[in-house]
Amino acid sequence: MTHPSRTPVPARPRYLVLLILLASCGGAFANDLLAVRQPADTEIGRLNQPPAGCAVGSEIVRLSSDGTEKVLTPGFIAACDPAVSFDGRQILFAGFRSGDRSHIWRMDADGANPVQLTSGTGVFTSPLWIGSLFHLDDETPTERIAYLSSETGWLDEMATAPVVALVTADLDGGHPLRISFHPASDLGPDVLANGRLVFPGWGFAGRGPSGTRLSLMAVNNDGTDLMAFYDNHDGPPLPHSVRVGRDGRVYFVEADRSSPMGGGDLAFITLRRPLHSRTTLSEAGGGSYLDPLPLADSGLLASYRPPGRDEVYGLYRIDPATGDRLELIHGDPEFHILDAQELTPHPRVKGRSSVVDTSKKTGVFYCISSHLSDRPGLDSLKEGGASTLRVIEAVAPHPTVPAPRWGQRTLGVVPLEPDGSFHIEVPAGAPLRFELLDDRGATVASQDSWTWVMPREWRGCIGCHEDREMVAPNVLADAVVKPAVQLGRSAGGEP
């Protein structure tokens, strides 16, 4: 595939409107910024990324507080998704100099010394600096990065393309580990201060594309302990562009399926009550937002596109208290200005210890009591209305089958203990969900999202959609003092 030639662009003054803003405001921002400059004629966004990963012609620029800008990726056919290291000295990004597929790269903060970190035939995007990983037999913790990869071997029926999953790796790209196993593609993550990753995932099972919703999920950096961070049962269907602030909020964009480039309203949840605090911060008013950026000084920037077919995304300052758009920080009529990042040191997130052993093939689920539930209409569970547990595995379609669709199969049915507990050993790295059955075999309650265990993980839950803000009951469940019931030997639907 051939691409238009690119001419390196030297550092140059910003546009007159930006210089006026700087002069009148005493500096539009305190620290230098990175941003992606994407050609205005490419309608590529978070929800409709091209097969290449980055839009051809996109480039990463450094926006200095003195009113100059510099292209950091000259010689790249495409570059996007910048992420700044904790010490502010290096940048991860996705891009390609030749061919037609994005890989993960690392460069210095001034654009020098670019090094490719990934290899293979897949598409790699959305890199992120994350916390370290430590096993008990390690001499020292290992610093890690995360990114999205299409090298899963699974087919996303919603996109008729490979499933894109989260992967973590060493800083040099070595020892990659897949850590998400949804049957549909996940979107770009951010990292919490405690080291857990937050990412949008198509969590709902058994529904076609018109009935699906993205939820915000959280997972450890070794793939363990997947939990819903924001369930999204009632909000707009496509929350994405997740950014963790230092103000106790997690910002994101709420889009519908008709919005250009995946744009929508600005929203947030609080770290204190992420399941119950969704708030719309700024309605787009006929335009659309992308890529919120919480600043070190507690300010907020975001890309915004005014109403109109010929309008482009510019970078605006947003009042985090009221959601008002205060001023245009940077704009260019020939480019969308996207994915801004603050080029400054920021607090290092915590590392995580891990029990994952990739030489193992299974992991364990246990439940304290399936009698515990806060779902409406499931009062019968409190009285022992369920007697058995059915475990269902998603079956990956074969890529050569016309109009392939994921299937489901029963991995096994196990009896519940009198206290409602269970303890099962299941294949690792396989999408699973659970159903509770009564004594006639009828379904009493059904999990509507997919989950998984990592190799050698022991994964516990309190009940069946219990109130996650409540403390678990202080009891020794009947099932956990017995050996786990073994179910199946497959992974990813393979026999």
Side-chain angles (χ1 to χ4, degrees), residues 9-38 46 54 58-74 76 79-95 105-112 126-129 188 190 241-247 251 253 266 289-305 312-320 325-347:
V9 180
R12 61 184 183 231
R14 291 192 193 178
Y15 299 94
L16 179 60
V17 63
L18 180 62
L19 294 174
I20 293 173
L21 283 171
L22 286 169
S24 62
C25 300
F29 41 85
N31 300 305
D32 286 5
L33 301 176
L34 301 177
V36 173
R37 197 163 60 184
Q38 180 176 302
R46 296 295 180 188
C54 299
S58 59
E59 53 195 5
I60 296 172
V61 295
R62 179 170 178 166
L63 309 176
S64 298
S65 55
D66 63 2
T68 61
E69 64 180 50
K70 177 185 177 182
V71 176
L72 299 185
T73 52
F76 278 80
C80 63
D81 297 345
V84 179
S85 62
F86 297 115
D87 61 9
R89 296 178 178 178
Q90 293 185 309
I91 300 167
L92 293 173
F93 67 100
W105 294 71
R106 183 184 66 240
M107 65 181 173
D108 297 339
D110 61 359
S126 302
L128 180 69
W129 303 87
D190 202 0
S241 298
V242 182
R243 297 286 179 84
V244 178
R246 304 186 202 180
D247 56 358
Y251 294 91
V253 170
L266 278 184
Y289 284 105
L290 277 176
D291 302 328
L293 172 61
L295 298 172
D297 63 3
S298 297
L300 180 66
L301 304 180
S303 295
Y304 176 74
R305 183 181 197 173
V312 297
Y313 281 95
L315 188 60
Y316 286 77
R317 184 183 298 277
I318 309 298
D319 187 332
R325 285 187 299 281
L326 302 179
E327 58 188 352
L328 174 67
I329 298 301
H330 187 72
D332 184 330
E334 297 181 359
F335 293 94
H336 298 296
I337 307 300
L338 305 171
D339 204 7
Q341 305 283 337
E342 205 166 16
L343 189 55
T344 184
H346 53 283

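Each residue takes its place number in the sequence, starting with 1. Keep in mind it's a predicted model, so treat the numbers as computed, not measured.
Using cut-offs of 30° and 60° on the angle between ring planes, the pair W105 and F93 is parallel. Taking the six-membered ring where tryptophan is involved, the planes of Y316 and Y304 are perpendicular, since the angle between them exceeds 60° and thus also 30°.
A distance-only check finds a donor-acceptor pair linking the side chain of K70 to the backbone of D110 [under 3.5 Å]. The backbone N or O of P292 lies less than 3.5 Å from a partner atom in the side chain of R243, making a donor-acceptor pair.
Looking at heavy atoms from C-beta onward, Y313 lies out of side-chain contact with Q38 at the 4.5 angstrom threshold. Residues Y251 and P320 have side chains in contact (heavy-atom distance under 4.5 Å, counting atoms from C-beta outward). Counting heavy atoms from C-beta on, the side chains of V71 and I60 never come closer than 4.5 Å. Looking at heavy atoms from C-beta onward, D339 lies in side-chain contact with Q341 at the 4.5 angstrom threshold. In this structure, D32 and S65 have side chains that are in contact, with non-hydrogen atoms separated by less than 4.5 Å.
Across all their heavy atoms, V36 and D81 have their closest contact at CG2-N, 3.9 Å. Counting all heavy atoms, side chain and backbone alike, D87 lies closest to R89 at OD1-N, 3.0 Å. When all heavy atoms of C54 and A79 are compared, the closest pair comes out as SG-C, 4.0 Å. The two residues L33 and E342 have their closest heavy-atom pair at CD2-CA, 3.9 Å. When all heavy atoms of I329 and R317 are compared, the closest pair comes out as CG1-N, 3.8 Å. Here the closest heavy-atom approach between residue I91 and residue D108 is recorded as CD1-O, 4.0 Å.
To the nearest 0.5 angstrom, L290 atom CG is 9.0 Å from L266 atom CG. Summarising the geometry, atom OG belonging to S241 is positioned 10.5 Å from atom CG belonging to D190; distances are rounded to the nearest 0.5 Å. Interatomic distance, L315 CG to H330 NE2, rounded to the nearest 0.5 Å: 8.0 Å. Interatomic distance, M107 CE to T73 OG1, rounded to the nearest 0.5 Å: 6.0 Å. Distance check: H346 NE2 to R246 CZ gives 7.5 Å after rounding to the nearest 0.5 Å. Rounding to the nearest 0.5 Å gives a distance of 12.5 Å between CG of L34 and CD of E69.
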Can I get a per-line list of side-chain donor-acceptor pairs under 3.5 Å for residues 293-303, giving both atom names and the distance, sequence neighbours left out?
{"from": "D297", "atom 1": "OD1", "to": "G299", "atom 2": "N", "distance (Å)": "2.9"}
{"from": "S303", "atom 1": "OG", "to": "I337", "atom 2": "O", "distance (Å)": "2.7"}

